[in-house]
Amino acid sequence: MERYILTIDQLEELYSIIKDEYKLISPTLKDGVIQYSQNIDFKDLPFGYTQMESAGFYTVKTTDDCYFSYIRPYNSLKQFLRPPKVNFMTVRRIDNNLTFEYHLKYEKYAFFDVRRCDLKALYILDKVFIENKYPDIQYKTVRENMFIVGVNCLKASDVCFCESMDINFEEGYGADIFITEIDKNFLVEVLTEKGKNFLNKIKLKKQQSMNLNKKEEVIEKFKTTIKKKLNTENLKDILYSKIDSPYWEELGKRCLSCTSCTQVCPTCFCFDIREENSLDMKVSERYFVWDSCFNQTFATVHKFNLREKISHRYRQWLMHKMAYWQDQFGTFGCIGCGRCITWCPVKIDIQIETQKLRDL
Amino acid sequence: MKIGVFKFSSCDGCQLAFFDIAPEIINSEYIEISYFLEATSFNIYDRFDVAFVEGSISTREEEERIKDIRDRSKIVVAIGACAVSGGIQSARNFGNFEEIYSFTYRENYFKDINPLSKPISDFVSVDYTVRGCPVNAEEIIEIITSLLLNKTPHINESPVCIECKRKSIPCLLVMGSPCLGPITVDGCGALCPSLNRGCYGCFGPIKGANFESLRDLFKERGFNFEELIKTGFNAYNPYFRGVIWR
Amino acid sequence: MILQNPYCLINGKVIKVKRENYNTVSVWIRSDIKPENGQYVIFYGFGRGEAPITVASYNDGISLHTIRIVGDVTGYFNRISEGDDIYLRGPYGNSWDLMEFEGRQIIIISGGLGIAATRWLMEEAIQNRDRFKEVISLYGVKSVDDLLYREEYENWSSKIRFSVIVQNPSEAWSKDVGLITDLIEKVKIDKDCGVFICGPDPMVKAVVNQLYNIGVDKSNIKVSLERHMKCSVGTCGHCMFGPFFVCKDGPVFRFSDIDHFFDKKGV
C-alpha cells in the first residue's frame, strides 16, 4: 500500500482534482448542521467545527485543535445512492397498449470525507441491493462508479458507539483512499488503483519518515473518546427472547412514530413504490420513495395494519437493526453512528434501550 | 366524470389548486366540470360523480346545503383544513362565542351564524379528505385519477418529519423550536421547516398519532402545545377532539 | 454483463376468464414465466401499481391465477376479458416440496382463497398419487358463496380424499358445516404425515395447534403466508415478518422456523 504525507495545501489540490472529475459530495455547515452537500468549495468544509450531540440535542461549536474535528454529518450517503424519490419507470398507454420506459439515471459521485461508520453502512447496503438474486441496477451502477475518500475520526460525540457495533478500524470498507490527520498534516493511504491515479496527479513525496505508530495512536486516542458501549454478545438470541416483553409498551408510549430514526439511519433501506398518473390517463409515472416501518400504511394486508400499535412499530425497528438483520444479512443493521439518537425528538436512545432490553 | 367544486366558509384558496391544473383538466376527455362558481358562469347544479368541498360549516344554511350536495353526489371529497377540520374560523370554538361575535361584527350582521365552525364530516359522510391550507394540486390529481380507475387514492398518512429528512432539513424540535411535524400529515413538502419555522399543523393531525408524548416534550421545553394547535386551523379536527379536548 | 432490471414487466395474454363467485375471478394466462409449484407472480395494472398473485396451476406455458377483487390493483381484473394483454413479472418466492414426504400421508388444508395456493399442489399430488400413502385435502370457507373451483370437486374426490366444510351455509348445503378444525377431527392423521396449509393467519394458528396436539411435528408442517409484498426481491421491506422477507424467503415456510414469531401480535 502506498502512503503519502500531504500538507493542507496539497489536500486542497487533491480535493479540486477530484472535484473536476466527479460530482463531489462533501460535508459543510448548512442550516446550522454539518451535512453532506454537493459542489462545496474546499474552504467551506467544516474544518475546525465540532458537533455537540446527545439524545434529542444538536449544536455546533468551533475548536482549533485540528481540521477534521467533526464527526459524521447529519445526512448519510443513502441520500445520494438511493435518493428519497426516484422515477424508475414511465408507463404510457396508447389505446389499450402499454409501453414501458425504464429509467437509469445516475451521477458519477465522489464522496470526500466519509467516516468509517458510514463506509460500513455502504457495505451493509451492498448486501441488500447488490448481493441479491435480483441486484438493484440503479444502486449498483452508482456504487460501481463512485470514488470515496475515507477519513479517520479524531473525537467521538456522546452518541457514537461504532466500536460496539463491530467496526474494524483496520478495514478500509471500500474507500479508495483513507486520510488520517496527524499533527495538522494528512497521512493518505492509497487503497485502490483509482486512488493511485489521483495521487499521481499531484506532486508528492512518498511517506518515508513518519512513524506509522502515529496513525495507531490517533485511532487509539479516538477509541478512548467513545463513551457509549453496547454489549452485543449473543444479542440476537437475547432480543428474540424479549419479543413479548411489556417494555415495548413503555417505548410505545414515548415514541412519536415520526419516522425520523429510520430516515436518518444510513442503513434503513425500506421504500415504497408509488404511481403518479396524468389526468388524461395516458401516462403513469412510477417512483421509489423512501418509506418507514413507522408509517401506518407500511405493514398493511388488505388495508389492515398488522403493526397497529406504535410499540409494534418501534419493536420492528429495533429488532430489525439489532437482531433480524443478523439472520438476514449476517451483520447488525446498526453501525453505531448515533444519528437516530440525536434526531429523535423525544430522546429515545437505541443503545440504552437495547441494553435495557438485554438486561431485563 | 362530472365534477362539482363547492365552497362553504373559507377563503377560496384551496379551489385555486384546480386552476393550477386547469389545462390538464380541460384537456382530459374523462373530466367534465359541471359546477364551479369560482371558475365559470355556466353551472349546472344537478348530480355529481364527485363533489369537492371547500370550507367549514358555519351557518344553518350551510348545514342544509352540504346535506343536499351529499345527496346529489356519488363521492364527496373534503378539501383543505376548513372542510376537514373547521379551519381558522374554528378558533372561535375555543372561546366565548358571544364575545368574539360582538367584537367582530356589528349586531345581527350574520343572523344564523353557528357558535361552532365544524368540519363537513360532522354533518355528512365524507369519502376522502385532502389535507392542507391550501391543498396541493398533486393530491387533487391523485383523487381524480384514482376515481377514474376505480381504486382507492393514495392519501398521505405519514408525518411531516419524513419530508424534512428526505430534504435533509434539520429537525426543528431537536434544534430547539416548537414544531408539530411529528403529529401532522405530510404533503406540504415540509414548507415551513425548510424556512426554519416549526410546523404549525396546517395539514392537520395524523390519526392515532402520539399526541401525549409530543405534549410532554412541549411541556418539558416550555412550549405551549395547545396554543400552537389552536393557531393551526385544525384544532377542531375529529382526531384531536376526544384526545386533546372534547 | 448487462444486468436484468428486476422491475421489467413482461407481456402475457389472457386465454380464459371465469367468474368464480361474487368477488373472485380465475384467469388463465399465456406468458413466458416458468413458475414452480407455490410461487407467485406480480401483476401490473396501469395507474394502479402491482399486486402479488399466487400461481394456482401451470401447464405448458399457461398459468392459472385466482384473484379476489378487493385491492386497488386487483380491481383491474373486474374488466378483464379473453384476448386482453396483461403485464407481469416473476415468478418469485420459494415453492412447495411435496416429495419431501414421499411414502407418507399428505394433508393439504386450505381456507378461503387459500385454495388458490394449494390447487396446484393437489394436482401434483393426484398425478403422483401412488407415491404417497394417502392424500387428504380439506377445504373450509365461510359461506357457500365463497367456494372456489366447484367444477373440480368431483374429479378431486374421485382421486384423493377431498372434503369441504362451510362455516355459515345460508343456502342449502348437504355436506359438513363448521370450521376447518372440525373437519380435521374426522380424519385419522398419521403422526409422521406431511401437512401443507394456506389460509388466513388465525386459521393457520388453530390448525397447527390442533395437529401439534395430535403429535404432528411442526417441522412437517408447511404454510404459505400472505404479507404486503411490493418489490418481491427482498429490498422494499414491506413484507417483513420477524427476520423473514416473506417475498423471497417465503411464501412457503416450514412452521418450526416461524413458530417463535407466528402468534406474536404486530411482528
Q. Any side-chain heavy-atom pair from B:E38 and B:V5 closer than 4.5 angstrom?
A. no
(Q) Does the structure place the NZ or CZ of A:R313 under 6.0 Å from the centre of the six-membered ring of A:F298, at an angle of no more than 45° from the ring's axis? (A) no
Contacting moiety of [X], where chain A heavy atoms sit under 4.5 Å:
{"X": "B:L172", "value": "neither"}
{"X": "B:L214", "value": "both"}
{"X": "B:E142", "value": "side chain"}
{"X": "B:I31", "value": "side chain"}
{"X": "B:T152", "value": "side chain"}

Region of [X] that comes under 4.5 Å of a non-hydrogen atom in chain B:
{"X": "A:E275", "value": "backbone"}
{"X": "A:N295", "value": "side chain"}
{"X": "A:T59", "value": "neither"}
{"X": "A:T297", "value": "side chain"}

(Q) Are more than 12 heavy atoms, taken from residues, nucleotides or ligands other than A:Y247, located less than 6.0 Å from that residue's OH atom? (A) yes
Q | B:F6 ring center near B:F48 ring center (under 6.0 Å) | A | yes
Q) Centroid-to-centroid, B:F52 to B:F18, below 6.0 Å? A) yes
Between [options], who has the most heavy-atom pairs with chain A when the cutoff is under 4.5 Å?
{"options": "B:G181, B:C161, B:S168, B:C164", "value": "B:S168"}
{"options": "B:E138, B:K165, B:K167", "value": "B:K165"}
{"options": "B:C171, B:P182, B:P170", "value": "B:P170"}
{"options": "B:I206, B:I169, B:V160, B:N27", "value": "B:I169"}

Q) For residues A:T259 and A:S292, is any side-chain donor paired with an opposing acceptor at under 3.5 Å? A) no
Q) For the candidates A:N75, A:V346, A:V33, A:L256, which exhibits the highest count of non-hydrogen atom pairs separated by less than 4.5 Å from chain B? A) A:L256
Q. Do you know which of A:Y74, A:Y58, A:W290 has the most heavy-atom pairs under 4.5 Å to chain B?
A. A:Y74
Q: Before accepting this row, confirm whether a basic side-chain N of the pair B:D49/B:K2 lies closer than 4.0 Å to the acidic partner's carboxylate O.
A: no
Q. Taking NZ, NE, NH1 and NH2 as the nitrogens, is one of them in A:K347 or B:E220 under 4.0 Å from a carboxylate oxygen of the other?
A. yes
Q: Would you sort out whether B:R241 and B:D122 count as a salt bridge (Lys or Arg N to Asp or Glu O under 4.0 Å), showing the intermediate values?
A: CA-CA 12 Å; B:R241 279 184 264 161; B:D122 279 24; 3.1 Å; yes
Q: Without swapping roles, check the side chain of A:K105 against the backbone of A:V86 for a donor-acceptor pair under 3.5 Å.
A: no
